[in-house]
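Being a predicted model, the structure only gives us computed values, none of them experimental.
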Amino acid sequence: YINMYKSMGVELLGPSWFVMQNYYWSYPILFAGAAALVIAKQFFVRQKWISLTITLAAVVVVDVVSSGIVRALYRPLLDYMEKLNK
């Protein structure tokens, strides 16, 4: 994927570079970790409101991080389109 951006003349900076370099280990840790947390809390947490709070927190964290990943991946393409329109 990085070569695709380089061939277009787009420079990968900050978050975009990090996502491209580390997706193979960071995605499983994030998504499998959140799933494992939600499943494990079913066995160890007995209070309903704490259980719901943990589930909500896991959903919010996964949503925020996945939205950030999408923005990081689209940012170089949007910059490239902005360059072309000038």
Side-chain angles (χ1 to χ4, degrees):
Y1 296 110
I2 293 175
N3 290 333
M4 176 184 72
Y5 288 110
K6 285 183 182 178
S7 69
M8 290 189 301
V10 176
E11 186 178 348
L12 291 176
L13 300 173
S16 300
W17 179 86
F18 180 80
V19 169
M20 290 288 196
Q21 293 295 322
N22 299 303
Y23 71 92
Y24 50 87
W25 64 266
S26 61
Y27 289 2
I29 287 175
L30 171 68
F31 296 113
L37 173 70
V38 170
I39 292 170
K41 66 125 176 114
Q42 291 298 111
F43 297 106
F44 298 111
V45 177
R46 296 291 177 218
Q47 294 178 341
K48 196 63 162 174
W49 68 273
I50 294 176
S51 177
L52 288 172
T53 303
I54 292 171
T55 302
L56 178 63
V59 169
V60 168
V61 167
V62 167
D63 182 51
V64 168
V65 171
S66 61
S67 296
I69 290 170
V70 169
R71 273 188 251 115
L73 292 175
Y74 274 112
R75 186 77 250 159
L77 295 175
L78 295 173
D79 289 344
Y80 182 67
M81 289 188 318
E82 195 174 298
K83 249 193 251 183
L84 290 175
N85 284 333
K86 288 184 179 181

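By the 4.0 Å N-to-carboxylate-O rule, Lys83 lies too far from Asp79 to be salt-bridged with it.
For Tyr27, the OH atom sits in a packed shell: over 12 heavy atoms of surrounding residues, nucleotides or ligands are nearer than 6.0 Å.
For Ser16 (side chain) and Ala72 (main-chain N/O), a donor-acceptor pair under 3.5 Å exists by modelled atom type. Checking side-chain atoms of Asp63 against main-chain N and O of Val59 turns up no donor-acceptor pair under 3.5 Å.
To the nearest 0.5 Å, atom CG of residue Leu37 and atom CD of residue Gln42 are 10.5 Å apart.
In this structure, Val65 and Phe31 have side chains that are not in contact, with every pair of non-hydrogen atoms separated by 4.5 Å or more. Using a 4.5 Å heavy-atom cutoff, the side chains of Leu78 and Met81 are in contact.
Each of Ile54 and Val62 belongs to its own hydrophobic cluster when Ile, Leu, Val, Met, Phe, Trp and Tyr are linked at side-chain heavy-atom distances under 4.5 angstrom. When the side chains of ILVMFWY residues are joined at heavy-atom separations under 4.5 Å, either directly or via intervening members, Trp25 and Trp17 end up in a single hydrophobic cluster. Linking Ile, Leu, Val, Met, Phe, Trp and Tyr whenever their side-chain heavy atoms come within less than 4.5 Å leaves Trp49 and Phe44 in two separate clusters.
In terms of the side chain to side chain contact (heavy atoms under 4.5 Å, CB included) criterion, residue partners of Leu13 (sequence neighbours excluded) are, by chain and number, Glu11.
In terms of heavy-atom proximity, Gln47 sits nearest to Ile50 at OE1-CD1, 2.7 Å.
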